[in-house]
There are 2 protein chains.
Amino acid sequence: MHFGERIRELRESQGLLQRQLAADLEIDTPMFSKIERGERKAKREQVEQLAKLLQADKTQLLSLWLANQIFDFVKDEAFASDALHLVIDWIKNTEK
Amino acid sequence: MHFGERIRELRESQGLLQRQLAADLEIDTPMFSKIERGERKAKREQVEQLAKLLQADKTQLLSLWLANQIFDFVKDEAFASDALHLVIDWIKNTEK
DNA sequence: TATGACTTGTCAAATTTAGGACAATATAGG
DNA sequence: CCTATATTGTCCTAAATTTGACAAGTCATA
């Protein structure tokens, strides 16, 4: 489940139109459409606004949003998995 | 073990100076120094050159290099671990 | 103190990217 | 066929990033 899909799911389940949410975010509908389809990425600020507007868990949306960006960054890399695991290990050790 | 540390390790174990490798990469020594200390990131092309110059495993160096960049990207994020795990799952499923 | 190796700080050019505007097109329901 | 909704495609610009050059600094050691 990618970020945009989740936004669409939340939006449709509440009977809202792209036009309405786009207005709240002060962007046009084409832009909102692109965000839902993952063609453009939302700003952090917009993610937070969306969490409020859609009464969704901010933490979860932000994780999804961040994951999307990481994915876009590594998706064409042959060693993406190796690298990701390395990073997880590094983070484990800085947390300790 | 971060990318720059690994480069330094390889370089020193072979008795090479920053100056020498920097010349091969056609950058100045301050720049090379920064790469080793992780203050600047190498270009992919430079990583490949370094693998050759230092007779190191290219795959391994590239993984380390990519991991470094991901780490820099997520290090200040509260949900970095969650996001990373999500990405790993996504990648697993696109591979299948 | 002189030298060589490395580090630090700052600057600027060049490039990239983000993020949006807008026009045109599709698609589905009434 | 009309209308509302959503999508697609193209273009633009401000902002950020990248990448390197250079000057000046530290540090060890001969």
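Every chain is numbered from 1 and lettered A, B, ... according to where its sequence line falls, protein lines coming before strand lines.
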Between [atom2] of [N] and [atom1] of [X], the distance in whole Å:
| X | N | atom1 | atom2 | result |
| --- | --- | --- | --- | --- |
| Phe32(B) | dT8(C) | CZ | P | 15 Å |
| Met31(A) | dG19(C) | CE | C1' | 5 Å |
| Asp28(B) | dT7(C) | CG | C1' | 12 Å |
| Gln46(B) | dT19(D) | CD | P | 8 Å |
| Gln18(A) | dA4(D) | CD | P | 16 Å |
| Lys41(B) | dT17(D) | NZ | P | 10 Å |
| Glu45(A) | dG20(C) | CD | P | 9 Å |
| Arg40(A) | dT17(C) | CZ | P | 13 Å |

Requested in this report: Output yes when Arg6(A) and Glu9(A) qualify as a salt bridge under the 4.0 Å nitrogen-oxygen rule, no when they do not.
Outcome: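 Glu9(A) and Arg6(A): salt-bridged.
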
Where the side chain of [X] meets the backbone of [Y], is there a donor-acceptor pair that is under 3.5 Å apart?
| X | Y | value |
| --- | --- | --- |
| Arg11(A) | Ile7(A) | no |
| Ser33(A) | Thr29(A) | no |
| Gln46(A) | Leu25(A) | no |
| Glu5(B) | His2(B) | yes |

Query raised in the report: For the side chain of Leu17(A), counting heavy atoms from C-beta on, which of dA18(C), dG20(D), dT5(D) is nearest?
Result: dT5(D)

Report task. Measure from the side chain of Pro30(B), starting at C-beta and using heavy atoms only, and say which of dT7(C), dG20(C), dC22(C) lies closest. Result ->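 Nearest to the side chain of Pro30(B) among the choices is dT7(C).
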
Ignoring backbone atoms, establish whether [X] has a side-chain N or O less than 4.0 Å from OP1 or OP2 of [N].
| X | N | value |
| --- | --- | --- |
| Arg11(A) | dT5(D) | no |
| Arg8(B) | dT7(C) | yes |
| Ser33(A) | dA6(D) | no |

Query raised in the report: If you take atom types as modelled and just measure distance, does the side chain of Lys34(A) reach the base of dG9(D) with a donor-acceptor pair under 3.5 Å?
Result: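 Answer yes: a donor N or O sits under 3.5 Å from an acceptor.
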
Requested in this report: Would you classify Arg37(B) as touching base, sugar-phosphate or nothing, given that sugar-phosphate means primed atoms plus P, OP1 and OP2, and contacts are heavy atoms under 4.0 Å?
Outcome: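 The answer is base, as Arg37(B) lies within the cut-off (heavy atoms under 4.0 Å) of a base atom.
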
